[in-house]
Protein chains: 2
Amino acid sequence: MTPTIKDVAQKAKVSIATVSLVIHNNEKISYETRMRVNKAIKDLNYHPFRSARGLASRKTGNLAFIVTEDHFLRSEPFYTHIFLGAEFEARQNEYYILLTIIRSDFKQGDRLPRCIVERNVDGIIFAGKVPQDIISCLEKYELPMAFVDYYPPAENYPVVLIDNFSGGMQAVQHLSALGHRHIAFVAGDIQHPSIRDRFQGYKVALENAGLSYSSKMSIIDEAYPARENGYSAAKRLLRDNKNVTAIFSCNDAMAIGVMQFLKESGLRVPEDVSLIGFDDVDAGLSLDPPLSTIGVPKLELGGEVMRLMADMLNNKVKSPKKVLVPVELIKRKSTAEVKIS
Amino acid sequence: MTPTIKDVAQKAKVSIATVSLVIHNNEKISYETRMRVNKAIKDLNYHPFRSARGLASRKTGNLAFIVTEDHFLRSEPFYTHIFLGAEFEARQNEYYILLTIIRSDFKQGDRLPRCIVERNVDGIIFAGKVPQDIISCLEKYELPMAFVDYYPPAENYPVVLIDNFSGGMQAVQHLSALGHRHIAFVAGDIQHPSIRDRFQGYKVALENAGLSYSSKMSIIDEAYPARENGYSAAKRLLRDNKNVTAIFSCNDAMAIGVMQFLKESGLRVPEDVSLIGFDDVDAGLSLDPPLSTIGVPKLELGGEVMRLMADMLNNKVKSPKKVLVPVELIKRKSTAEVKIS
DNA sequence: TGTTTCTATTAAAACGTTTAACTGACGGTT
DNA sequence: AACCGTCAGTTAAACGTTTTAATAGAAACA
């Protein structure tokens with residue numbers, strides 16, 4: 001049988017309470033006993049039994065990472081990276097993360113994630129846009145909560161967000177610096193806060209560059225920002241705007257669809273049309289030409305939210321922090337100087 | 001406070017043992033009491049406390065999913081998909097999966113994953129090639145083990161493997177059916193069982209097609225099968241073999257590098273050289289031209305290994321099953337009829 | 001020397017389940 | 001009428017920790 005705290009106590013000739021105190025670095029234990037106990041722990045290769053700990057202390061050492069299935073599957077590489085970033089950081093903090101995928105149409109009364117109702121987590125991380133109903137339902141459990149890449153309206157929790165506004169500006173600045181004066185914007189689900197901010201950045205940068213914003217140059221009513229919708233958005237855009245020389249796509253997934261349509265229409269990238277995305281997903285690199293984009297440090301996002309969570313769990317709370325993670329322009333081959341015509 | 005089994009017992013006017021028996025569907029409980037208890041459970045919105053269960057029953061409801069960091073990060077989309085497949089199936093079986101990333105140079109004596117030493121899992125799934133040392137170390141914990149996409153030599157555990165041999169054959173059959181007679185093979189780490197099997201399939205299919213195998217046409221000594229090594233492998237291959245008209249790459253990652261080199265050398269795909277990969281990763285789709293490949297049902301692989309694990313945990317063990325998951329040829333645009341020269 | 005204060009350690013209760021052994025009631029067999 | 005089995009449920013111990021309150025012993029003080 002694997003050894004228990006009792007075995008350690010016996011071997012070190014102390015009570016089990018002392019062993020427990022040593023494990024928790026209680027400073028009241030004398031140096032000698034501490035050493036004796038530590039030696040016994042090592043000799044026996046003792047490790048406390050997680051379940052027993054959980055029962056006694058009500059701490060499980062687990063965290064829930066909640067994301068909707070369409071976010072996770074549709075834009076998978078993106079949220080997967082955030083998950084991994086959190087997972088790596090969690091390891092440093094001695095936590096395990098329970099990946100919990102929910103439906104994006106969650107409604108009050110639906111069954112809640114099992115790990116939460118069974119009180120098998122110490123806190124909850126929400127990644128991406130998540131239905132308000134589940135947030136309300138979970139608030140009752142009084143667990144620490146943190147958000148990444150989404151922030152519910154009118155709540156007060158720690159949050160890690162991408163600097164989408166700045167990213168949108170950088171993309172447009174890059175294009176206008178290349179001499180483009182007819183810069184279009186392509187997006188889906190403009191309700192989404194991230195995309196709205198990118199759009200804002202687009203508009204402000206346009207203005208800064210002395211270019212006028214025209215709603216005809218913005219396709220913002222596609223269902224969601226995925227490849228196929230990029231294709232159809234580009235189709236609509238170019239039907240009505242023959243003079244477009246540059247397109248800023250709200251993310252790489254749509255940009256891939258845009259590029260596909262451009263090629264099929266006989267337009268060369270970047271010679272005829274410059275194209276820039278947002279997110280820097282792997283696939284952009286294998287495109288021909290490789291996609292210029294706004295790089296988002298996804299692992300970093302996950303790590304940062306995990307750190308915020310750890311702070312809460314260690315009661316270093318202060319007031320809930322908001323972190324804005326910077327993004328960077330990545331110039332590849334899909335953007336170039338405008339053609340003089 | 002959240003209700004406990006005691007509250008339920010009180011409300012239903014039975015002992016806590018009866019409540020527990022009802023929860024576990026013990027057939028000794030009469031219909032009437034069962035109903036009464038179930039009503040109380042529902043009314044109170046009672047859920048058993050996972051940690052307490054774990055302590056009493058020694059079942060945690062968790063599983064470890066072990067993968068090396070380089071597998072997971074390098075060929076990330078691949079093992080991530082397997083992980084997700086397992087995760088989805090785990091949900092059906094009421095398990096949570098603890099993702100556990102280890103170093104690929106794990107040696108006896110290194111610190112073992114925390115979730116295992118703290119006995120916080122009921123079983124272990126190994127994904128991809130994993131150091132023998134960690135297998136040996138973990139055997140001592142007497143947990144059920146299963147493997148996916150790798151099988152340790154001389155062991156006897158349930159396992160789910162890709163039908164790599166058949167995949168290799170299919171790739172080459174496809175190319176030879178298109179009239180190619182100079183078909184090269186490109187790989188890294190030929191020690192790896194999966195790659196070795198693909199290589200075998202290549203050789204056998206060559207023979208079946210009446211083509212002779214030449215070691216000059218196989219680059220099998222790259223360090224690992226990643227994009228950059230595909231690039232260098234293609235460079236070496238084409239330096240020594242001007243007559244190659246088709247290349248079978250051991251996976252898509254390398255194929256991407258191969259394609260990049262071909263283009264840079266002024267060779268057109270598929271007009272001058274046909275190219276086929278293996279795995280069907282997302283990036284292959286966005287290539288220009290889209291990559292023909294051998295499709296591997298990654299989610300399915302994960303789901304299948306999870307099912308094997310569930311069978312073991314429910315003591316439906318029988319003898320350890322081996323499952324071979326079939327693959328399918330996906331024809332896209334990177335392969336075409338050989339040019340008559 | 002006796003009293004107080006302080007420190008290192010311990011005893012014991014508590015956490016919420018599971019489960020083996022037990023009980024009491026009832027019906028059927030001798 | 002005594003016995004036996006079966007059924008439906010209960011009693012109570014056990015699981016391995018944490019944590020609070022208690023305690024013994026040493027040191028400090030008068």
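Numbered from 1 within each chain, the chains take letters A, B, ... in sequence-line order. The shown structure was predicted, so the numbers you read here are calculated from the model rather than taken from an experiment.
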Asker: Between CZ of A:Phe88 and CE of A:Met306, what distance do you get to the nearest 0.5 Å?
Answerer: 13.5 Å

Asker: Remember a base hit wins even if backbone is also touched, and classify A:Ser57 as base, sugar-phosphate or nothing at under 4.0 Å, heavy atoms.
Answerer: sugar-phosphate

Asker: Could I get the full list of ring pair (Phe, Tyr, Trp, His ring centres under 6.0 Å) partners for B:Tyr95, not counting sequence neighbours?
Answerer: none

Asker: N/O contacts under 3.5 Å, protein versus nucleotides 24-27 of chain D?
Answerer:
none

Asker: Taking the basic N atoms (NZ, or NE/NH1/NH2) and the acidic carboxylate oxygens, is any pair closer than 4.0 Å for B:Asp43 and B:Lys39?
Answerer: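 A salt bridge links B:Asp43 with B:Lys39.
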
Asker: Once you round it to whole Å, what is the distance between P of C:dG16 and CG of B:Leu55?
Answerer: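 Taking CG of B:Leu55 and P of C:dG16, I get 12 Å after rounding.
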
Asker: Checking B:Tyr79 against B:Phe72 for the ring pair (Phe, Tyr, Trp, His ring centres under 6.0 Å) test, could you report, in this order, the C-alpha distance in whole Å, the side-chain angles of both residues, the deciding distance, and whether it holds?
Answerer: CA-CA 6 Å; B:Tyr79 286 102; B:Phe72 202 63; 7.6 Å; no

Asker: I want to check one thing: is the phosphate of D:dG16, taken as OP1 and OP2, less than 4.0 Å away from some side-chain N or O of A:Arg53?
Answerer: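 Negative; the distance criterion is not met.
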
Asker: Between B:Arg34 and B:Glu27, is the closest basic N to carboxylate O distance under 4.0 Å?
Answerer: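 Salt bridge absent between B:Glu27 and B:Arg34.
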
Asker: Provide a list of protein-nucleic acid N or O atom pairs under 3.5 angstrom, restricted to nucleotides 8-13 of chain D.
Answerer:
unit_1, atom_1, unit_2, atom_2, d
D:dG9, OP1, B:Ser30, OG, 3.0
D:dG9, OP1, B:Thr33, OG1, 2.6
D:dG9, OP2, B:Ser30, N, 2.6
D:dG9, OP2, B:Ser30, OG, 3.3
D:dG9, OP2, B:Thr33, OG1, 3.0
D:dT10, OP2, B:Ser15, N, 3.0
D:dT10, OP2, B:Ser15, OG, 3.0
D:dT10, OP2, B:Thr18, OG1, 2.3

Asker: For the pair A:Arg36 and A:Glu32, find out whether any cationic side-chain nitrogen is under 4.0 Å from an anionic carboxylate oxygen.
Answerer: no

Asker: Does one side chain, of A:Tyr96 or B:Asn120, offer a donor that lies under 3.5 Å from an acceptor on the other?
Answerer: no

